[in-house]
Amino acid sequence: MSVTLPRQRKVNAGGFALAVVSLTWLVSFCEAQPEPETLTVTATAYNSLHGQGHGKDHALAAWGDRLEPGMKAIAVSRDLIALGLDHNTEVEIEGLPGTWQVKDKMHRRWKKKIDIYMGEDIEAAREWGRRKVVIRYTVPARESGQ
């Protein structure tokens with residue numbers, strides 16, 4: 001025995017199924033996105049010039065990245081790495097436009113601090129000075145079993 005459905009009901013059932021699948025995908029996507037972290041840190045600025053930084057090549061960052069003027073890069077104190085501010089993490093910094101990337105590490109003596117890369121512009125770094133800022137970043141979700 002077979003039941004024949006009018007054509008309009010078949011289209012509505014297909015539309016309903018598509019809506020259910022779309023809604024399921026949207027819910028799982030939203031659950032997979034971790035909430036951004038906010039943190040208040042001390043922010044200073046640095047340049048890639050002789051006398052600033054460790055070693056002979058002042059444009060070479062701790063993870064091996066080459067810093068170039070115009071890059072939106074920051075160095076982080078090592079305690080912040082444990083909080084998810086690891087290499088290439090994207091960061092928003094209060095008072096500065098755009099997104100910055102973690103490219104360098106600071107000496108172990110610093111705590112809860114970032115250093116904003118300002119190329120070779122010494123005056124911009126001096127003008128920035130030292131201030132407290134709020135940063136925003138997202139910690140990647142860890143896979144189960146890690």
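This chain uses plain numbering: 1 for the first residue, then up along the sequence.
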>> I need the E127 CD to D121 CG distance, nearest 0.5 Å.
In response: 8.5 Å
> Taking atom CG of L83 and atom CD1 of I81, what is their separation to the nearest 0.5 Å?
Replying inline: 10.0 Å
If only atom types and distance count, is the side chain of [X] paired as donor or acceptor with the main-chain N or O of [Y] below 3.5 Å?
X: T44; Y: G129; answer: no
X: D104; Y: I74; answer: no
X: R78; Y: H107; answer: no

> Does atom NZ of K111 have more than 12 heavy-atom neighbours, drawn from other residues, nucleotides or ligands, at distances under 6.0 Å?
Replying inline: yes
> Is R130 atom CZ crowded by more than 12 heavy atoms from other residues, nucleotides or ligands, each under 6.0 Å away?
Replying inline: no
> Under the criterion side chain to side chain contact (heavy atoms under 4.5 Å, CB included), which of T38, L39, V76 is the partner of I135?
Replying inline: L39
> Checking side chain to side chain contact (heavy atoms under 4.5 Å, CB included) against V91, which of T99, L80, L85 comes through?
Replying inline: L85
>> Can you see whether W128 has R131 sitting over its ring - NZ or CZ less than 6.0 Å from the centre and within 45° of the normal?
In response: yes
>> Taking the six-membered ring of W63 as reference, does the cationic atom of K105 (NZ for Lys, CZ for Arg) lie under 6.0 Å from its centre and within 45° of its axis?
In response: yes
>> Using side-chain contact (heavy atoms from CB on, under 4.5 Å), reason through K113 and V41 one step at a time and then give a plain yes or no.
In response: CA-CA 5 Å; K113 186 174 184 219; V41 296; 5.9 Å; no
> Does the side chain of K132 pick up a donor-acceptor pair with the side chain of T40 at under 3.5 Å?
Replying inline: no
>> Looking at every non-hydrogen atom in both residues, tell me the closest pair between L67 and A73 and how far apart they are.
In response: CD2-CB, 4.0 Å
